[in-house]
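Accompanying notes for the structure given below.
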Amino acid sequence: MSRIASTAKSFNPVLNNVFEKTVKYSYGRTHLRDPEACQKIIDKLDLTHHYKPNNFNIIDVNPGYGLLSSMLNYELKPKNHILIEDKDKCVSTLTGMIDELQNKSNNDSFELYKKDAYEWETYSDLIDKDKLISPIVQPYEKVNDDLLIVANWTGMRDESIIAQWVGCCGNRNWLMKYGKVRMVIFVPALSAMKFITEPGFRKRRRTGMKFSLFTDSKLVAITEAAEKTISEDYKIEDKESDEEKSLRGSSSNGGLKIPVGLGYDPRVLVRDQPPVITKAQYFRNADFAVIEVIPGDHTSNEIANIEYFMSSIYVTSAPLKSSITGVAPGAEYLLKLIPKDILEKKSYELTNEDILEIARAYEEWPFKPSLEDSYMGDFTQTEAYF
Amino acid sequence: MLQAQKSLIRRIPKLHSYSRLLHQTSKSSTLALATSSSSSYVSPLITSRIIQPLMAINSLNATKSSNAKNDRITKQSYLEFDSDTYSLADDEKIAKYYSSKHDGVERRPYTKEINYLKNILESFSEEKYFDKTDQILKSLSKLVTTREFTDIVNKYLENVSQGESLSLEGLENIITELQTTCQFVTNSRTEAVLLSKVLSDEKTTTTEIKKYLENFEKREIKEILRNMEVIGAENLYKIFDSEFIDLSCIPQELHEVYQEYQVKSSVNQVAGDTLKLQENEIINPLNKKNLSELLPVDSFGLKVIRHSLLGLEPTPESALEFSTKVNEIIKDLDDEQLKEDIRSGKLNHHEVYTKLQTPEQKAAYNDALEHFNYDRQKQIEIRGIEGAKEKWKHDFEEQQKRGDLNLTKGLNAQCYDWLQKMIPAIEKEHTLCKALLENDTSVDQGDKATKKERAFYAPFLIKVDPEKAAVITILELLKLHSTGGVTNGFRAYKSVIAVGKAIETEFRTCLHAQKERKATSQKNASSQLTKLISESLDKEDDLTPFWDNSTRSRVGGVLVSFLMSIAKVKVRKHTPKGLLEDYHPAFYHGMQFIGGQRIGVIKIHSEISKCLTGTSFTESIQPQALPMLVKPKPWASFYGGGGLFTKSGLVRMRDAPETEAYVKAASKRGNLDEVFKGLNVLGSTPWTVNSKVFDVISHYWNIGEEFLSIPPVLNEAKFPSELPENADPKEKLERSKLVYKSLREFASSRSQRCDHNYKLEIARGFIGEKLYFPHNLDFRGRAYPISPHFNHLGGDLTRSLFLFWEGRQLGEHGLDWLKVQLANVYGVDKLSLAGRIQFVNDSMDKVIESAADPLAEDAWWKKAEKPWQALSVCFELAEASKMDDPTKFVSHLPVHQDGTCNGLQHYAALGGDIEGANQVNLNPADKPQDVYTYVAGLVEKRVRADAEAGNEMAKFLQDKIKRKVVKQTVMTNVYGVTFVGAIQQIKKQVSQHFGDNDNEHLYAKYLASQVFASIRELFENAHLIQDWLAEAAKRITKSVALDFGDSKDSEHELHSSSVIWTTPLGLPCVQPYRVHKQTAVKTSVQDIFISIPSGTSAVDSRKQQAGFPPNFIHSLDATHMLMTAAKCGEATLNFASVHDSYWTHAADVPVMNRLIREEFVRLHTTNLVQILKDEFVERYKGCYQKVRIPNNHELSKKIKIIKKAWATTLQRKITIADELYMERKRLQMLESEKPEEVEAAKSMETTISVALEYDCYGLVDSKAASAFEILVPLQFPEIPKKGTFDVNLVKQSQYFFS
DNA sequence: TGTGTGTCTAGTGACAATATCCATAATTGGGGG
DNA sequence: CTCCCAATTATGGATATAAGTGTTAGACAAAGA
């Protein structure tokens, strides 16, 4: 049973031979196993300027076996580092790590909080009831420098959490009520592809649009594409068609020169230059990406009136002018209110400004459906039988 | 346009996709095996001498499989192929099977395509698109057997011979051509078509007829005349007139008619048994003149004909006929007042019937009414749709006149407006369709996609009258309001299918009615002949198959999209700039998301839905879904029971071709006569509506408040208060849960109100009427009334509305049984019979009070467990007690006898558990045993034991276990309730009765396990049987057929045997649980997701296993019911049933009770499980099952060696298909005529054959660390031993049913 | 190949998800012989 | 007229969609060792 030892910059030498090289239980999530990979991510994040040592808190959601957490802790030196983890094996490794740190380096910033990170209650309890940390509310003009959220949401069903967190960014509730709190989230690669996009990318849908609107998001790191997503007759093509084809988000014959990054919005790749984590560096064979999400300047208030409208718009990829008609009774009238150039666009081509423009136009619309009309019942659940 | 045409023809059959499938599989593993080098996969153990024949066989197989390429129907669409290359060999046309080869139930390849072709053939032949019909016939001739092809062509000839456009020569030419091109073989029916054509020609002289007839032998003529529905009444008489004809030419069934005719014509008075009225125009739906004449019915001096169901008045002729007959009947009445009441129409049919004095009068009245109702029934079925339209029109005109703004009327007027706009749209579509079908390029077909769509639905759409189509569309959409979990709207899927189905039903009804009219159009046809002809019309089985769902959705789709685009509603909006007015679509399309999945919905504009809430919309009930006014046609074949013109199958099923095939086969073999007999008894029970109860219900209904089971009128759902945008996510979540909850409650209340409304409206329409419920079966043989809304299977309220039409004097015991009935519905059913009677006797004054003043605030009946039925009995008892001699009281009330947990009774009888039998009253006892109480006691005992052992939970629950807690779980245990389901049931009880809500789940879980254990303890043998059934189902559904992977039958999936058994009455039950493939059909509304029915796709093993034990028991209780029904029919009882509740007149209860017990004993004296096992063994022989044997056993080693040898020669892994292939070859050779092949086979070893020498089931050792999977012939475990209970005791058990 | 892990689905009558993309088979059309 | 190849079309399969996951046990399938 070999254990990890490393000379990586952010790796705490005290923890040499604490983490096991292979772990038996993945609990359905991906775990980094190589300190070098963690180092890549930490370097890319470049957070040392943003957070003052011993003067800020980290909420670390699903740290797993804690390798990355320990390195982040060593690198950033938070005052409190809350590890929200409820999986038994992880918890025991984590306690081992915490003990080790306390014994050998007197570091007691870590606090293990054994609760289900899925529950909203966990967070409110953490702050309001158990008072492990007391974050400071900071204005939305700048990024909050008191709180950092790190999360591993790489499981199958975790995507919904990511979407909801972004929703919280729009609502400015939950932890986002403290201000622009930075989040570093491990997500499934496919989620990152859908969510971190620019207008015009074919995979951009409602949630992708919300990412743009409510957050400033970056790709921090990506993994090598799993083999099955790489097309065999992969060819290097010239740049123009390159651009066009990859814009379509097609995963089969994308235009990048190397398979890595296939399926991502190429402009995002160019913009963010994410480092690549190799397969050997993580445990569990499932692609993931690391994203950085910071709440943005727009709120869900601004588009609350067109929620239902948007959901209809993003069903099809036809230009707005044709998909708009069936959306509500009398939607023809709405056509007159929305600028022509927007109507020519397809749903995935809409920019933040376009969306806001539509929301404004919608407000002008005399026949806009009443709110309860947008309630679409979902009572498919089997109910009692006498 | 040629291209579009080709595209149409090509796309319709979709054969090439199948051929692709064939092609693909022909390349798959097994065939690769077959075509690989000849000797390579022969086991090395076989000597070279034996390899020779094997090689020959394999190369033969190889050539066959290379031929298989030619099976592909490629290139030109199959309407154009002209060689035999693509045809199915004769043996292939039928030589396929479903789950078992040994049942003689055939599966035809390309069923779907053949059905489609039959349908479009029907359509095209009526339109006389000969070039297309030729092609279709050619194609069909390649796909079906000669016999079937003859039937198809005959039908086609019938269709095209209609009218003047085709001469006799033309017809003959077609026949000759078909004979040469398609190997068409004529039969007597073909001759009948020709004969009919000859006779129909006005110019044909009698001599010519004679001459024509002389071409045949008399025996032949007899056969030809059998096809009377082809020839028609009028022509039949012409033949009768011919001097060439004598009695020897007349088939048996027509003898009577013939002789009668001879007599009458000799007196020169032709078949005068019908009234001489004006031209008989019964079926002319669109004749408006006819309608205006309908109003003055009372001009006949009789107002008996009061109710006009669906706004349809009876035809004047039949009304006149009826009134004449009634006048005749009441002529002799001595009560002048009664006479006057009847004449003036004060009394409804049932009142008249009950007031008549002599049995003769009653019989005569019944007879007259039956005749009269026959006409009305026809009217309802054929013109029901039109009735709705007339109502709209009426309201529209009223509104125009008065500017009336009443909401309901406004809606009707609105509908009329839409209708007017929709008709031209559909008419235009019709012309486009016809143009497309006629290759008329002058008409612009719009864009490509539209044209493609049109090509699909055109042949079907043009068959339905635009007006009717429009009415149906509007009705169906409004009917769907707020269904499918959509507020103010409905699922697009449902609407499209519903419209498609309704259109199909309408089309079928019209077609049938039209045929009947043609065949019986002779105005003076004798009623006998008319009846004979319409009966033989029913026999046409499968020549117009049901449309498949993709067709339905396409037809529905186009109509729905029309309505959506034309239906507008006016809206006004006050804005700062003043009043804005606009027309908005009444329906609009959207998407709903459920768990991320898209669901297409159509929403109804709020202005419209406002009008729809809570108001009645009875016109929207399809007339075919109403109870019938006349006795349903008796079941005699798979189709044919039920409505006059409505085709409904014997077994209701959803996309289960296998079930259908099995039942049809059984029906053809005559195995179902017993089933028919029972069903016909159920169908021939006449009912009427209990108007007294109806009045009371109606009173409370109209108040609009919640009362007993009547839900209140709710106008809108109440929502919790809004939350700010930035509220805590947890709070937001809680709120949205509340919102959904209140929406759900609102919806359920509304849908309940709606449902009740339907029922009440129908009941209102049928007050005083005589009504019948045609029944059919579900796949287990349980009988259900076909009319879905209003039937005696409903809840308490609905059941209380029913009375038997006929009355029976109470006689000696009747009164007591009425009292028992009251006690039962009051909830006092645990006492002995005497105790129950005593209970009612003690409450007699309250009973009479209840009847006298049912509306009283605290009336006694309202406290009953089933109040409405209690009220119904109160009325009856009060009436009876008024009589001096109650035994003379004529009672109409059905008295129920219910089995105590019927499923458990059957289990107990099967298992022979003594204690179990006691608890469900199989064993005679002084008072009824209550199994629920007993089980509750057992559970209590267990809980107490646990409590003593220190279980905290048990301590809490101790002494709290009541009957009610366990009741539902015990009851549903038989029906296969799962552990989770039981937890839910108990949880509900727990949360109601115990205080502690936090732990209710834990409690429920704990209790559920205790209840299960208790039931198991009580019905030990029964549960062993249950286990045996489940194990058998598991083995069957996990088995592999020997033929799997055979190139000739590549459609079967690996596990494709479903559980099939035959009930003691001969009904085959096929569990329809398979994994259906699904595809999307593009319609103009949206893509519609439909599942493709298949009898060969993989079985859903889990469902099959879970479903089999309860289904088997259900099939037994259904059998018991049908047996009892048949016996009751023989005993001339009126009989009805709700699965395990049997109903008859109070006076007849003793007889029925005896029959129930006798039949139960008769059913269970045979060893049903043994029979089932034998049946299974026979059915599933040739199937193999995977068995895990110890890895280190010598057999494992042997098989591994063989596998390895094969694998090395084949250069790949050995699959199951390979193993089966080798075994198949071995068995084939064993049967061979060549001795050397037999020899070779004998010494050949396959993975399967080596295992035969071992008792593999005995080798199974679950504890063994490592196991090895091998294939062995399917075997079934030994059936568990029966307990010692003697079923015959049931005969003496008073409380078995009570 | 034998394990632990993750996913799926749970009584009957009876109720069903769509849009889009992509690979590939089938068909058509054109050209040459 | 047929044959062959390129181009086009049809079709089935895969995948995403939204965004709390009411509940628990057990069977079954894929996957990691």
Side-chain angles (χ1 to χ4, degrees), chain A residues 22 24-28 118-120 155-157 159-167 190 194 202-203 205-207 210 248-253 284-285 311 314-318 381 385, chain B residues 3 6-7 10-11 14 16-17 19-21 23-24 72 74-77 483-484 491-494 497 549 591-600 652 654-655 729-730 732-733 736-737 778-780 782 784 788 793 972-984 987 1001 1004-1005 1076-1080 1086-1091 1101-1103 1105-1107 1110-1111 1114 1139 1191 1265-1268:
Chain A
T22 59
K24 204 165 182 188
Y25 302 95
S26 73
Y27 296 108
Y118 177 78
E119 297 295 335
W120 297 117
M156 292 277 262
R157 316 176 73 186
E159 195 176 89
S160 72
I161 281 283
I162 305 159
Q164 286 161 42
W165 282 15
V166 169
L190 283 170
K194 288 185 302 200
R202 288 290 281 256
K203 282 181 182 165
R205 256 164 239 262
R206 230 170 99 203
T207 318
K210 286 189 176 175
R248 296 168 60 215
S250 106
S251 59
S252 70
N253 59 347
R284 199 179 85 120
N285 186 22
S311 73
Y314 278 98
V315 164
T316 165
S317 63
Q381 308 279 349
Y385 162 122
Chain B
Q3 200 176 330
K6 279 185 179 168
S7 150
R10 172 175 12 98
R11 293 295 313 283
K14 294 214 289 191
H16 58 281
S17 61
S19 64
R20 186 182 341 159
L21 197 96
H23 187 51
Q24 273 180 349
R72 286 164 53 199
T74 55
K75 243 171 156 181
Q76 297 103 351
S77 70
T483 58
R491 292 197 175 174
Y493 173 87
K494 277 193 178 174
I497 293 287
N549 267 348
M591 286 287 179
Q592 211 186 100
F593 296 92
I594 293 177
Q597 293 190 330
R598 297 188 180 105
I599 302 215
R652 40 177 81 188
R654 180 173 74 87
D655 294 342
K730 180 86 182 170
K732 282 191 158 183
L733 174 61
S736 79
K737 274 184 188 164
D778 69 13
F779 75 89
R780 301 159 305 180
R782 282 195 148 189
Y784 301 82
L793 259 67
T972 49
N973 178 273
V974 194
Y975 305 142
V977 73
T978 54
F979 193 66
V980 180
I983 291 176
Q984 280 174 350
K987 194 157 142 190
H1001 201 84
K1005 199 172 86 183
H1076 288 303
K1077 274 193 180 170
Q1078 296 182 311
T1079 42
Q1086 59 166 62
D1087 286 13
I1088 296 293
F1089 204 54
I1090 50 176
S1091 66
S1101 170
R1102 188 185 276 196
K1103 263 192 166 175
Q1105 282 174 50
N1111 284 337
H1114 278 156
H1139 304 320
N1191 211 352
S1266 56
F1268 181 65

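In what follows, chains carry the letters A, B, and so on, assigned in the order in which the sequence lines appear, proteins first and then strands, with residues in each chain numbered from 1.
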| field | Side-chain N or O of B:Arg598 closer than 4.0 Å to phosphate OP1/OP2 of D:dA16 | value | no
| message | Both distances below 3.5 Å, Watson-Crick or wobble geometry, any strand: find the nucleotide opposite D:dG20. | response | none
| message | It should be established whether B:Thr972 places a side-chain nitrogen or oxygen under 4.0 Å from OP1 or OP2 of nucleotide C:dG11. | response | no
| request: Indicate, with a heavy-atom threshold strictly under 4.0 Å, whether B:Ile497 touches base, sugar-phosphate, or nothing. | output: nothing
| request: Tell which nucleotide pairs with C:dG13, taking only Watson-Crick or G-U wobble pairs whose two distances are both under 3.5 angstrom. | output: none
| message | Using whole Å, what does the distance between atom P of nucleotide C:dT7 and atom CZ of B:Arg1102 come to? | response | 15 Å
| request: Hey, which sits more toward the 5' end of DNA chain D by its nearest nucleotide, A:Arg284 or B:Lys737? | output: B:Lys737
| field | Closest nucleotide among D:dT17, C:dG13, D:dC28 to the B:Arg780 side chain | value | C:dG13
| request: Assign B:Asn549 to base, sugar-phosphate, or nothing according to its heavy-atom contacts below 4.0 angstrom with the strands shown. | output: base
| request: Could you pick out which residue, A:Met156 or B:Tyr493, lies toward the 5' side of DNA chain C when each is mapped onto its nearest nucleotide? | output: A:Met156
| query | Given that A:Tyr27 and B:Ile1088 both sit by DNA chain C, which one's nearest nucleotide is further toward the 5' end? | reply | A:Tyr27
| Stacking between A:Tyr118 and the base of D:dT21 (centre distance under 5.5 Å, interplanar angle under 30°)? | yes
| query | At under 4.0 Å between heavy atoms, what does B:Arg782 touch on the DNA or RNA strands: base, sugar-phosphate, or nothing? | reply | nothing
| message | Whole angstroms only, please: what is the CD1-P distance between B:Ile599 and D:dA18? | response | 14 Å
| query | A:Arg205 CZ to D:dA19 C1': how many Å, rounded? | reply | 16 Å
| request: Assign A:Ser317 to base, sugar-phosphate, or nothing according to its heavy-atom contacts below 4.0 angstrom with the strands shown. | output: sugar-phosphate
| field | Nearest-angstrom distance from the residue atom CD of B:Gln1105 to C1' of D:dC28 | value | 11 Å
| remark: C:dC22 -> Watson-Crick or G-U wobble partner, both distances under 3.5 Å, gives D:dG12
| field | Which nucleotide in C:dA17, D:dA19, C:dG13 has an atom nearest any side-chain atom of B:Phe1089 | value | C:dA17
| task | Classify the nucleic acid contact of B:Tyr784 as base, sugar-phosphate or nothing, counting any heavy atom under 4.0 Å across all strands shown. | result | sugar-phosphate
| said: Within the 4.0 Å heavy-atom criterion, would you say B:Gln1078 contacts the bases, only the backbone, or no part of the nucleic acid? | reply: nothing
| Does the side-chain ring of A:Trp120 lie flat on the base of D:dG20, meaning centres under 5.5 Å and planes less than 30 degrees apart? | yes
| task | Hunt down the Watson-Crick or G-U wobble partner of D:dA31, both distances under 3.5 Å, from any strand shown, or write none. | result | C:dT3
| If you look at every strand shown and take non-hydrogen atoms under 4.0 Å, does A:Lys24 touch a base, only sugar-phosphate, or nothing? | nothing
| query | What's the CZ-C1' distance between A:Arg157 and C:dT7, to the nearest Å? | reply | 9 Å
| Would you say a side-chain N or O of B:Gln1086 is under 4.0 Å from OP1 or OP2 of C:dT18? | yes
| said: Can you work out whether B:Gln597 or A:Gln164 has the more 5'-proximal nearest nucleotide on DNA chain D? | reply: B:Gln597
| Are A:Thr316 and C:dT20 close enough that a side-chain N or O sits under 4.0 Å from OP1 or OP2? | yes
| remark: With the side chain defined as heavy atoms from C-beta on, B:Lys494 is closest, among D:dA19, C:dC15, D:dT17, to C:dC15
| note | Side-chain atoms of B:Arg491 come closest, of C:dA19, C:dG13, C:dA16, to C:dA16
| request: Look only at the side chain of B:Arg491 and the backbone of B:Ile599, and say whether a donor-acceptor pair between them is shorter than 3.5 Å. | output: no
